[in-house]
Amino acid sequence: MTNLHYSLAGKKIWVAGHRGMVGAALVRQLETIDCNIITATHGELDLTRQTDVEHWMAENKPDAIFMAAARVGGILANDTYPVEFLIDNMKIETNVFSAAHAVGVNRMVFLGSSCIYPRLAAQPMNEDALLTGPLEPTNQWYAIAKIAGVMMTQAYRRQHGRDYISCMPTNLYGPGDNFDLNESHVLSALIVKAHQAKEADAESFAVWGTGNPKREFLYVDDLAQACVFLMERYSADETINVGCGEDITIRDVAQTVADVVGFTGTITNDLHKPDGTPRKFMDSGRINALGWHASTSLKEGIAKTYAWYLEHGA
Ligand code: GDP
């Protein structure tokens, strides 16, 4: 692992995917640094269209890129739209990497996902677990596309000496999350369900599956801080995990959400819905050793996310 200091001050930084939850958090984080942030909305630039990306990149020539653009979604969306999750993500990645290299962009942080690790990887999962076993079937399409993105960083490093790196965030949540129950990840879904149950004076709300799976949840602004930290200090072929260091069962996180929202009824299980992978707890020892640690507690993060939902999403 190489430690470097790459300063973002004064640089032109493209946040690809700035309308997404992660990209928006990256913009918030970069606004605290003296750099020139550039963005393009989906209407201005469709990242699945190769020549459009080539032209945009040639016109804008960023110094560095945070590659947070992706087609994302929760367990049901992944299972329902395998084509989009595989193909759109592969297109977006190939277009961004090849156009960036063509115009001389030398620094990029690509965001992966903890679902790229094998379904039954030893826990906590460290970076060496990559490609050591079969993937979780419900999100394998997305995982393969993300694995390809990690390999692209390595290929551009090896063949062209580009300083592209990847990091592997655990399950994320926060302001700007998707609160559509058919598309969302679990934490935002639980906020919606608990809120609606409270508003309707309902006796219960249901979590999907058994409630037994465990997940590690990272507040998105903590991730954004980690990405900037890595952009400035990390350079290596190997991907690097970004987690908060604790995981929790879906049952317990549902109860925590209910407590924050103020729902006092019961929580039931919808056993027609999948559990997905039983556990995906990441070993974040390497980024911790470099000096980064998550700072937002789960309760605090849920409270901030609920406040955002009440203002923007409810
Ligand atoms: P995953 O981490 O890729 O499996 O994605 P999710 O965040 O969508 O799901 C995490 C876990 O939460 C899985 O075990 C789901 O079955 C469970 N879960 C419980 N209730 C819900 C819900 O309302 N929505 C979603 N997306 N997942 C839920």
Side-chain angles (χ1 to χ4, degrees), residues 20-22 70-82 84-86 89 111-121 123-125 134-147 168-174 177-198 202 204-220 223 241-244 246-258 261 263 265-282 298 301-302 305-306 309 313:
M21 172 175 68
V22 172
R71 164 115 190 177
V72 297
I75 192 165
L76 187 65
N78 265 272
D79 218 18
T80 315
Y81 305 109
E84 278 80 5
F85 277 85
L86 180 63
N89 284 314
L111 282 101
S113 158
S114 61
C115 71
I116 71 165
Y117 291 123
R119 171 182 162 80
L120 298 177
Q123 310 280 319
M125 305 180 292
L135 298 165
E136 156 61 33
T138 51
N139 56 24
Q140 59 184 321
W141 322 96
Y142 178 74
I144 286 288
K146 285 289 180 184
I147 291 170
M168 228 37 74
T170 187
N171 283 46
L172 301 169
Y173 71 100
D177 207 343
N178 184 339
F179 290 90
D180 172 335
L181 291 179
N182 289 319
E183 305 254 319
S184 71
H185 284 100
V186 62
L187 215 139
S188 51
L190 293 173
I191 288 178
V192 175
K193 288 178 179 179
H195 174 75
Q196 290 178 348
K198 179 178 112 173
S204 64
F205 72 85
V207 300
W208 292 355
T210 60
N212 295 329
K214 292 183 97 177
R215 294 289 184 273
E216 179 185 12
F217 295 101
L218 182 68
Y219 187 60
V220 71
L223 171 73
N241 289 344
V242 187
C244 70
E246 266 178 60
D247 67 351
I248 177 170
T249 61
I250 296 302
R251 180 177 308 106
D252 288 346
V253 77
Q255 190 56 57
T256 308
V257 169
V261 167
F263 173 71
T266 55
I267 298 170
T268 59
N269 297 94
D270 177 354
L271 297 175
H272 298 292
K273 292 287 196 304
D275 266 349
T277 198
R279 194 178 180 204
K280 43 177 169 169
F281 183 41
M282 302 220 300
L298 184 59
I302 292 172
T305 309
Y306 183 45
Y309 170 72

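What you see is a predicted model, and the numbers here were worked out from it, not measured in a lab. Order of listing sets the numbers, starting from 1, for every ligand and every atom in it. All residue numbers refer to positions in the sequence shown, counting from 1.
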Partners passing ring pair (Phe, Tyr, Trp, His ring centres under 6.0 Å) against Phe205 (at least two apart in sequence or in another chain) =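 Ring pair (Phe, Tyr, Trp, His ring centres under 6.0 Å) check on Phe205 returns Phe263.
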
Can you name the residues that form a side-chain hydrogen bond (donor to acceptor under 3.5 Å, both in side chains) with Asp270, not counting sequence neighbours?
->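 Counting only residues at least two positions away or on another chain, Asp270 forms no side-chain hydrogen bond (donor to acceptor under 3.5 Å, both in side chains).
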
List in chain and number order the residues that pass side-chain hydrogen bond (donor to acceptor under 3.5 Å, both in side chains) with Glu136, two or more places apart in sequence or in another chain; answer none if no residue qualifies.
->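 Glu136 satisfies side-chain hydrogen bond (donor to acceptor under 3.5 Å, both in side chains) with Arg119, Thr138 once adjacent residues are dropped.
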
To the nearest 0.5 Å, what is the distance between CG (Asp247) and CD (Gln123)?
->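 The distance works out to 7.5 Å.
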
Identify all pairs of nitrogen or oxygen atoms, one from ligand 1 and one from the protein, separated by less than 3.5 Å, and list them with distances.
residue	atom	partner	partner atom	Å
ligand 1	2 (O)	Asn171	ND2	3.0
ligand 1	2 (O)	Arg215	NE	2.7
ligand 1	2 (O)	Lys280	NZ	3.1
ligand 1	3 (O)	Asn139	ND2	3.4
ligand 1	3 (O)	Lys280	NZ	3.4
ligand 1	4 (O)	Arg215	NH2	2.9
ligand 1	7 (O)	Val186	N	2.9
ligand 1	8 (O)	Ile75	N	3.0
ligand 1	14 (O)	Asp275	O	2.5
ligand 1	16 (O)	Pro274	O	2.6
ligand 1	20 (N)	Trp208	N	2.9
ligand 1	23 (O)	Lys193	NZ	2.6
ligand 1	26 (N)	Ser184	O	3.0

Are any non-hydrogen side-chain atoms of Leu86 and Gln140 less than 4.5 angstrom apart?
->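 The answer is no; the side chains never approach within 4.5 Å.
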
Run the ring-centre check on Tyr173 versus His185 and record whether the distance is less than 6.0 Å.
->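 Not under 6.0 Å, so no.
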
